[in-house]
Amino acid sequence: MQETSVQELLCFGIEAGGGNPALVVQHDRSNAGQRQQLARDSRKPACVFIDRAGDGTVVLDYFYPHMRSPLCLHATLAAARVLLSPQRPQLQVRTAMHAQPLTLLLQNGEVFIELTKQAAPEVSIPPDLPGRLLAEPRIALASPPVIASVGSPKLLLEVADRATLHALTPDLHAIADWSRQHGVSGCYVWCSRPDGALEGRNLNHLDPAAEDGATGVAAGALSIHLQTGITLYQGANVGTPCLLRTELRGENILIGGRTTPA
């Protein structure tokens, strides 16, 4: 049997040497509890374990430091960089928790993930909920809140501008409690930028220092909501400036960005 291999990659970075870190673990035979411990000890935003089912299908198993996840697209992008090559530019895989099919693509030297819209929980959103979660009772959203999903549902909250976005000090415990009750994976707060791109923050951790530098599932959810491909900036406020791009291909969504070895 092959020895366990661990590689660190940086995903969605705007410049070389930057991006959201992910560990890609191959040939691992540990159980879920041991994987969770490795993810916690690594202090990286995400770990993805590459397994193989009995039929040879590649299965991706995702762990954040605090929980196992049904889907993490920046870790999937890292796995795609490890698995794909000019000899194998396309690969069908599935996720471990929900058996969601994903297509990994290598095009012109860049890696992409192709996936489809997933069912989102039908949750009533009271008018005062955004203000309570964001700890801004008087906040005026730029559009009605909505829940959308490409495999990890997000509550999408549009604010007026970048100044409002970056000034937020949300109630992270309230977000965690509400999300747990309703099967939602936190809030993604976003705004439009003067240059036509979007910018966002992913609020899904109890520790403010653990705020994500790039959230592929949120980029996918926004693309579903807006029904268009997007250019999305994230992570500048946590010192990890990232850029995510999506495009629509019929009923599918393509998500990609820079991915390099750490």
Quick check against the 3.5 Å criterion: does T246 have a side-chain atom that pairs as donor or acceptor with the backbone of I230?
yes

Should F12 and V238 be regarded as members of a common hydrophobic cluster, given that ILVMFWY residues are connected when their side-chain heavy atoms come within less than 4.5 Å of each other, either directly or indirectly?
no

Given side-chain hydrogen bond (donor to acceptor under 3.5 Å, both in side chains), test D28 with Q34 step by step and report yes or no.
CA-CA 10 Å; D28 175 75; Q34 292 167 323; over 6 Å; no

Any side-chain heavy-atom pair from L248 and I253 closer than 4.5 angstrom?
yes

Any chance you could measure T4, atom OG1, to Q26, atom CD, to the nearest 0.5 Å?
10.0 Å

Could you verify whether a donor N or O on one side chain and an acceptor N or O on the other, from E114 and T103, lie under 3.5 Å apart?
no

Are side-chain heavy atoms of F49 and L23 found at a separation under 4.5 Å?
no

Between R81 and G109, which heavy-atom pair has the shortest distance, and what is it?
NH2-O, 3.2 Å

From OH (Y188) to NE2 (H225), nearest 0.5 Å:
13.0 Å

Should the pair E251-K117 be classified as a salt bridge under the 4.0 Å nitrogen-to-oxygen rule?
no

Spell out, yes or no, whether I255 and L91 are grouped together once hydrophobic residues are joined by side-chain heavy atoms under 4.5 Å, including indirect joins.
yes

With side-chain hydrogen bond (donor to acceptor under 3.5 Å, both in side chains) as the test, would you mind laying out the steps for T116 and Q118 before giving the verdict?
CA-CA 6 Å; T116 61; Q118 302 292 300; 3.2 Å; yes

Heavy-atom side-chain proximity of T231 to L243 below 4.5 angstrom
yes

With side chain to side chain contact (heavy atoms under 4.5 Å, CB included) as the test, pick out the partner of H74 among T215, N20, L9, L10.
N20

Give a yes or no on whether the backbone of G213 and the side-chain of T240 come within a donor-acceptor separation of less than 3.5 Å.
no

For A75 and A46, the nearest pair of non-hydrogen atoms, with its separation, is CB-CB, 4.2 Å

Would I14 and Y233 satisfy side chain to side chain contact (heavy atoms under 4.5 Å, CB included), going step by step from the backbone distance to the final call?
CA-CA 9 Å; I14 292 177; Y233 289 88; 3.9 Å; yes

Does L115 reach the side chain of L71, with side-chain heavy atoms less than 4.5 Å apart?
yes

Grab the two heavy atoms, one from L77 and one from G257, that are nearest each other, plus how far apart they are.
CD2-O, 3.7 Å

Could you tell me whether the side chain of P45 reaches within less than 4.5 Å of the side chain of D212, counting heavy atoms only?
yes

Gap between atom CZ of R193 and atom CG of L232 - 0.5 Å precision:
9.5 Å

Apply the test side-chain hydrogen bond (donor to acceptor under 3.5 Å, both in side chains) to residues E199 and H166: give CA-CA distance (whole Å), side-chain angles for both, the deciding distance (0.1 Å), then the verdict.
CA-CA 10 Å; E199 188 161 348; H166 290 293; 2.8 Å; yes

Kindly determine whether Q107 and F112 satisfy side chain to side chain contact (heavy atoms under 4.5 Å, CB included), including the steps that lead there.
CA-CA 8 Å; Q107 296 180 173; F112 299 88; 4.0 Å; yes

Hey, does C47 have a side-chain heavy atom less than 4.5 Å from the side chain of S42?
yes

Tracing side-chain links under 4.5 Å among I, L, V, M, F, W and Y, which residues wind up in one group with L157?
V123, I125, L129, L133, L134, I139, L141, I147, L155, V159, L165, L168, L172, I175, W178, V184, V189, L203

Do L105 and L83 land in one hydrophobic cluster if side-chain heavy atoms of ILVMFWY residues count as linked below 4.5 Å?
no

Any T259 side-chain heavy atom under 4.5 Å of E110 side chain:
no

Report the C-alpha distance between L254 and N252 in whole Å, list the side-chain angles of each, state the deciding distance to 0.1 Å, and finish with yes or no for side chain to side chain contact (heavy atoms under 4.5 Å, CB included).
CA-CA 7 Å; L254 205 63; N252 294 347; over 6 Å; no

Counting only heavy atoms not in R245, do more than 12 fall under 6.0 Å of its CZ?
no

Any non-hydrogen side-chain atom of N237 less than 4.5 Å from a side-chain atom of E211?
yes

Where do G151 and Q100 come nearest, in terms of heavy atoms and distance?
CA-OE1, 3.5 Å

What are the two closest non-hydrogen atoms of K154 and A221, and how far apart are they?
CB-CB, 4.5 Å

State the CD-CG distance between Q87 and L106, to the nearest 0.5 angstrom.
10.0 Å

Can I get a per-line list of side-chain donor-acceptor pairs under 3.5 Å for residues 56-66, giving both atom names and the distance, sequence neighbours left out?
residue, atom, partner, partner atom, Å
T57, OG1, D55, OD1, 2.9
T57, OG1, D55, OD2, 3.2
D61, OD1, R68, NE, 2.9
D61, OD1, R68, NH2, 3.0
D61, OD2, R35, NH1, 3.0
D61, OD2, R68, NH2, 3.4
Y62, OH, T76, OG1, 2.7

Can you name the closest pair of heavy atoms from S149 and A119 and give their distance?
CB-O, 4.1 Å

Quick check for you: to the nearest 0.5 Å, what is the distance between I113 atom CD1 and L73 atom CG?
4.5 Å

Can you name the residues that form a salt bridge (Lys or Arg N to Asp or Glu O under 4.0 Å) with D128, not counting sequence neighbours?
R132

State whether R138 and E136 are salt-bridged, where the test is any N-O pair (Lys NZ or Arg NE/NH1/NH2 against Asp/Glu carboxylate O) under 4.0 Å.
no

From CA spacing to verdict: side-chain hydrogen bond (donor to acceptor under 3.5 Å, both in side chains), S185, N204:
CA-CA 7 Å; S185 186; N204 191 31; 3.3 Å; yes

Test your reading of the model: is there a side-chain donor-acceptor pair from R29 to the backbone of H27, 3.5 Å cut-off?
yes

Take W190 and L156 through the test side chain to side chain contact (heavy atoms under 4.5 Å, CB included) and record every step on the way to the result.
CA-CA 7 Å; W190 64 284; L156 303 176; 4.1 Å; yes

Spacing of SG belonging to C187 relative to CZ belonging to R201, to within rounding of 0.5 Å
11.0 Å

Using modelled atom types only, decide if a donor and an acceptor are shared between the side chain of Q234 and the backbone of G216 within a distance under 3.5 Å.
no

Decide if atom CD of Q181 counts as having more than 12 heavy atoms of other residues, nucleotides or ligands within a radius under 6.0 Å.
yes

